[in-house]
Each structure stands twice: as structure tokens, then as C-alpha cells.
Chemist: 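Let me give you the structure first, and then I'll get to my questions.
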Amino acid sequence: MAPTTNTQTDNVIKDLRYLRLLARDFPTISSVTTEIINLEAILHLPKATEHFMADLHGENEAFQHILRNASGNIKRKVNELFGNTLREQEKKDLCTLIYYPEQKLELVKASDDHLDDYYQTTLNQLVTVCRNVSSKYTRSKVRKSLPEEFSYIIEELLHESIEDHNKQAYFNVIIHTIISTGRADDFIIALCYLIQRLAIDQLHILGDIYDRGPGAHLIMDTLSHYHNLDIEWGNHDVLWMGAAAGSPVCVAGLLRLSLRYANTQTLEEGYGINMVPLATFAMETYADDECRPFRPKTDEGQDLSDKTLRLITEMHKAIAVIQFKLEGQLYERHPEWGMKDRALLRAIDYDSHTITLDGKSYPLLDHTFPTIDPADPFALTAEESELMEKLTHSFRICDRLQRHMACLLTHGAMFGVYNSNLLFHASIPLNEDGSLREVSVGHERVKGKELLKKVEEMIRTAFDHSAEATDKEEALDFFWYLWCGPDSPLFDKSKMATFERYFIADRETHVEEKGWYYKLRDNAAICDRILDEFGVKGTHRHIINGHVPVRVGNGENPIKADGRLMVIDGGFAKAYHNTTGIAGYTLVYHSRGFQLVQHEPFTSTEEAIRNGTDIKSTTQIVEMTGQRAMVNDTDIGAELRIQIADLNNLLLAYRRGYIKEKS
């Protein structure tokens, strides 16, 4: 221990009240010194692995596969451990077993006549992999991760070397007894899930879990039980949060999106939202209407009958018209948003079937509006009002949805700073000169970090049962601005041209001009300015984003601003595959540095299990550090150093008699 200084003694005297509280956990000199030794040792362990994913968009099968294989991290470790001792097919089979243990074991048992030999070999291989992935953690942390049923046995196997001849018989007997007692399957499954868990220490989800794909609810089930998670909210997440909080326009918006892609699985099967009232209303209101612009976009695998397509088309138009009415009400109620020009139902000439935008008249592709009163185009009919009350109520009372929203609130935020990396989903609104842009949020004008903090406060207010009614109403309205407002940090475009895409053929009206952040983010000085604004320190600091698909097919690079910015939305959703040419990026940050993983489209879980087919991924080395990063170099390391300093002060307080030890 270093010599005691007068300053340290002064700190002890000043902090006696806090140190007495700390002494409850460490009542003796022995307990304090033991903890200091433990924390100092942890500082010199290798930095644990972080996994970054963005824009999952309901693609649960691909998400699960990438999560299980840790973006190829497990395959990399298997290759390192068995590169020269196993054939490629054997390594592939071992990886598949680790990813999908139950299903792979069923296939093995159906085809292998020498199961005991298989179990013996496989258990030894899995213990080797497990020992490797656990090596970055303390025994205590590994112990907390162990499945209760096999915790003692796994701990013995992990910490006994088969190279030690004195322990080799002991090791072999454990393996043999696991097999002879018929527990091999359960033990293998437990080991595989432990490997998955230890391969990644922290998972970062950079937004947009919802919409497009059919399995957002299944993704949320997984995230709700994940061991170490943070979520940076995306615009699609906020739309669902608004609906769950009781915003009718958010309910209409997400229903419209689901119907646009003929994807109601999350709504109906996932959350039990009753779509019958909407279907009934749509069939009655639009029975004689072709609704041609509202025919849904479908994937090749979707096999929908003409009757089903017709019903979805009618429902799609019904909810779209309601959305346009409700958002028009909001734009007039909130002039501070500067979006009155988006209240487009007032711009229609209902006699000539045209709309005037920016002084130019355009014919409408669809001009059948049986529920719109030209004199008051934003007013809902009695039937529409009743329908929206029912639908909004369904979202408010859905237990599973509310649990998932609680997960988003507990683990989520508008931004996060982790180990010198600034994480947010979409944008930091900027002016043309690269300065931070002021945005109206509630009754304040805020920018940069304060903007994102204020937005988060508004979102949480909508779910706060103790908040004032007027504050809650304003917060509920603000969800829609976050979804499509021109200066929203979750959108940041000139407009969301939803109306134009449905009703106007001229594609010039469909253009959504991106905000200055997207135009300037390849500039290293701009990224440095943003990093400074959020107080991000470190020699190797980065912004990590999602939101905008990287058009790899057009030569776009996800690494921007001389390596300061990484964009990891490469298009997870099938709807984006033609645009991007790939099926998403993920990022792995381990003790050696950053690896960006580019994925090709996932076939299916069944194919992966049966044939060992993995997602074809290309790993790009983004940044490798000269020396291995340790816990001491991380945010956790900074916290541990503070704890060590406090414990040293407590130790001094004991030795000087300011605080008495307790037996």
C-alpha cells in the first residue's frame, strides 16, 4: 500500500459518514483488504466482449441466429481451438450444436449408432470451448452464470486441467458418470447455453426492434431475459411505445405499417390485438372501392389468397385515412412543430380530385373518401372514433405488450455512452454549418445532449401515472413528432412522404431530404464536435449508429469520418435486402479491437440445424489496438478504481481508529 498522505487523511475525515455506511459491507480490516485484492485482480483481466446490433425489424430467426453465434465470435473460437485437430464438417457440427443444442441432439440421436462415443468426444470439446470463453471473467462471475442444476459439476470441469495427470482420472470419471446416468443431453444443452452467454458480456441494441418482419414480440421476449442489455430507442420502437401509452395516431400509424407489408403476426399472434373491428369497418366502408394504391407489399414467401389480400387492402386504406386525419389534428394543435404544411387533407380539392403542394397541382391516384368531410377533413366519423377507442384500448390492456414496453423503458434510453463509444439510433440534428440545431421540445428549445435528454424525459412522462394530465397529453402527442418531425433526432428529414407515395404519381414529391447530420457525418471534425458535446473521452472514441441502411451495392462504406463513425444498419429486414445488397451489419468489440461483420441473408433455422448452414458473414477489421485492452481500460475499470480508493480510505479509517472494526 502506498504511504498515507495528509490529503488522504483529510478525505477520510470528510467522508466518515459515507465510510461508516461502507463499513456495513466490510466490517473488518481483513474483509476490506480481501476486496481490494479482488478488485485489483479484476482490473487486469481482458476486456469482455460487447455485441452491437441495430434495426432488427422483427426478423426474429436471423436475430436469434446472430445472437446465438455472437456474430461469428463462437465460430472464431472453435477454429482457434480445433483448427488443426477437427475437419471442417466436424467444426461446423460443433458450432451448430452450440447454437441449437436441443434440435441438433435430436438429429444426432436419430443417425448415430455410437452415442456414448459421441457424448464423450462432444463433452470434452464443449468443456474446452467453455473454458476458453469463461477465461475473461472471475470465478465469481462465471459461477453466477452457471445453470443451477449443474453448477458444481461445470465449475469442477472448468477449473480442472485435463493436462494434470493427477486430475485426469477425476475429470474422466465426471464425464463418464454424466453419460452413464443418462444426463448427457441435459448437460450438453446446459453447456451450450452457457457458452452462448459467456461469449458476449454486453449486448447493445441500437433501435428499431419493431415493424417490417413478423417476430418483434419474440425478439422482445428474448431481450426481456437477456443477462446484460442496453437499448437505444429507434423511431419504430417509439411508435410502438406511443401506441402502448395510448396515442391513437401512433396506433393508426403502426397498424398502417403492418398492413402495408401484410404483416399482422406481431399484432394478432404476438399481442392479441383484435383486428376484427377494423376489418368490419373497412369492408363496410370500402366495399366498392378498388383501393388500388393500398395493395400491400408482400414477400415471395407470403402465400395470401385473393380474398385475404382484398381484405388487407381495404383495412390498409381505412387506417391510413384515419392516420391522416389524426396527424392533421396534431399539426394544427402544435404550431411549434412547424408541420402545418403536412396537414395534407386540407390541400385536396375534393371536386377536381387534385392536391396542391408548393403551388403545384397534382391529380390524385385515389379520390374515393367516403369518410372525409371537405369542410372539416380532420374530423373522425362516429364509426372511426369508436373504432380507434377500441383499438387504442386493446394496446393499453395487452399485458405482454406492456411488459415489453417496461423492458424498453428499463433498459432503454435515447443514447448511451459505453467505453468511449457514443450510441444512438439515428441523428443529432445539425445546422448547415455543423453546429448543433435547436429543437422545440415541450416549452423549451434544446440541442445536442440536452435535446436527447429532454426527449427521453418526454417519453417517460407518457408512462408516468403520477404525471399531470396536461403533461401526459403533450408527451403522448410528441411521440408522433419523434416519428416524423423534420428535426426529430429519430427521423431528421424534411418530411415523411407517406401521403405522397399513396396518392401522387410524380416521384419528385416522394423525396425526403435528409437533415444535415446525414450530409455532414463523414466529416471527422463534425463527429469530434458531437463526441465532445456528449463528453465522450478516449484516444479511440466512436459514434455508432443504425437507422439508415448502408447501400453496399452502390459502394457505400459503413465506416465513416476516418473511422470515428460506424453505421451498422445494413438492412436486417427482408424489405431492405434489394436496397442494400446484404442482410445487415453487426459489430463486435473485444479486447483486441473492433470487428464489423457483414451478413448475407439468412435462409432458415431449420436449414441451419439440419445442414449446419450458417449465415455467410464477412468480417472487416475496423480497428485493432496495439495491446490487449483490459478491464482497467473500460468504464467498469473506472468504477472499480473509485471503489478501490473508497476501500483504501476505509482501511485507513480502521487503522487510525476513526471507525471501529466489528467482529
Side-chain angles (χ1 to χ4, degrees), residues 235 238-239 242 247-253 256 319-367 369 371-381 384-385 388 427 429 431-432 437-447 451 454-455 458 462 470-471 473-504 506 508-516:
N235 52 320
V238 161
L239 187 66
S247 164
V249 69
C250 288
V251 169
R256 180 192 62 77
I319 202 66
V321 171
I322 291 173
Q323 176 194 307
F324 297 138
K325 288 184 176 185
L326 291 172
E327 64 178 306
Q329 294 175 19
L330 286 183
Y331 301 148
E332 297 198 334
R333 190 157 70 236
H334 293 280
E336 73 277 11
W337 291 359
M339 295 181 69
K340 272 195 172 184
D341 62 323
R342 299 304 300 157
L344 295 179
L345 295 184
R346 284 208 191 282
I348 294 175
D349 184 325
Y350 291 90
D351 294 323
S352 65
H353 310 315
T354 60
I355 185 169
T356 301
L357 301 178
D358 298 323
K360 186 175 179 181
S361 182
Y362 300 92
L364 294 174
L365 297 174
D366 183 326
H367 50 77
F369 301 115
T371 69
I372 294 180
D373 176 3
D376 190 6
F378 304 134
L380 297 183
T381 64
E384 287 173 326
S385 293
M388 289 312 300
S427 164
N431 296 310
E432 185 175 357
R437 187 175 182 85
E438 284 194 340
V439 181
S440 291
V441 182
H443 304 290
E444 298 181 41
R445 297 279 295 174
V446 282
K447 60 185 178 181
L451 167 61
K454 185 63 180 177
V455 165
M458 289 281 279
T470 52
D471 291 339
E473 184 178 350
E474 186 171 18
L476 275 180
D477 287 354
F478 196 67
F479 278 109
W480 192 254
Y481 184 85
L482 290 174
W483 169 246
C484 61
D487 290 329
S488 163
L490 295 177
F491 182 63
D492 196 10
K493 296 181 185 178
S494 59
K495 65 181 180 182
M496 186 176 285
T498 305
F499 185 95
E500 288 88 337
R501 288 196 176 95
Y502 284 126
F503 291 105
I504 303 175
D506 189 337
E508 286 188 9
T509 65
H510 302 179
V511 175
E512 301 171 348
E513 187 176 351
K514 294 177 182 176
W516 286 105

Chemist: Taking atom CZ of Arg437 and atom NZ of Lys447, what is their separation to the nearest 0.5 Å?
Modeler: 12.0 Å
Chemist: Just by distance, do the side chain of His510 and the backbone of Ala497 share a donor-acceptor pair under 3.5 Å?
Modeler: no
Chemist: State, yes or no, whether a side-chain contact exists between Leu451 and Pro429 at a heavy-atom distance under 4.5 Å.
Modeler: yes
Chemist: Locate the shortest heavy-atom distance separating Phe478 from Val455; write the atom from each residue and the value.
Modeler: CE2-CG2, 4.1 Å
Chemist: Are Phe324 and Leu344 close enough that some pair of their side-chain heavy atoms sits under 4.5 Å apart?
Modeler: no
Chemist: Can you say whether the rings of Tyr481 and Trp337 are parallel (under 30°), tilted (30 to 60°) or perpendicular (over 60°)?
Modeler: tilted
Chemist: Measuring from atom CH2 of Trp480 to atom NE2 of His334, what distance do you get when rounded to the nearest 0.5 angstrom?
Modeler: 13.0 Å
Chemist: Could you check if a side-chain atom of Met458 sits within less than 4.5 angstrom of a side-chain atom of Glu474, using non-hydrogen atoms only?
Modeler: yes
Chemist: Considering residues at least two apart in sequence or located in another chain, which fulfil the side chain to side chain contact (heavy atoms under 4.5 Å, CB included) criterion with Ala343?
Modeler: Tyr331, Phe378
Chemist: Begin from the C-alpha positions of Leu345 and Tyr350 and carry the test side-chain contact (heavy atoms from CB on, under 4.5 Å) through to its verdict.
Modeler: CA-CA 9 Å; Leu345 295 184; Tyr350 291 90; 3.8 Å; yes
Chemist: Give a yes or no on whether Asp358 atom CG has more than 12 heavy-atom contacts from other residues, nucleotides or ligands under 6.0 Å away.
Modeler: no
Chemist: Answer with yes or no after comparing the ring centroid distance for Phe369 and Phe503 against a 6.0 Å cut-off, counting only values under it.
Modeler: yes
Chemist: Looking only at non-hydrogen atoms, find the nearest pair between Leu380 and Ser385 and report the distance.
Modeler: CB-OG, 3.4 Å
Chemist: Given side chains that start at C-beta, do those of Gln323 and Val251 come closer than 4.5 Å, heavy atoms only?
Modeler: no
Chemist: In chain order, what residues pass the side chain to side chain contact (heavy atoms under 4.5 Å, CB included) check against Asn235, with sequence neighbours excluded?
Modeler: Asp208, His425, Trp483, Leu490, His547
Chemist: Measure the spacing between OG1 of Thr498 and CD of Glu327 and express it to the nearest 0.5 Å.
Modeler: 7.0 Å
Chemist: Mind checking the SG-CZ spacing from Cys484 to Arg342? Nearest 0.5 Å is all I need.
Modeler: 8.0 Å
Chemist: Looking at Ser488 and Leu482, what are the two nearest heavy atoms and their distance?
Modeler: OG-O, 2.7 Å
Chemist: Less than 4.5 Å apart, any side-chain heavy atom of Lys325 and any of Ile372?
Modeler: yes
Chemist: Under the rule for salt bridge (charged side-chain N to carboxylate O under 4.0 Å, His left out), what residues qualify as partners of Glu513, not counting sequence neighbours?
Modeler: Lys519
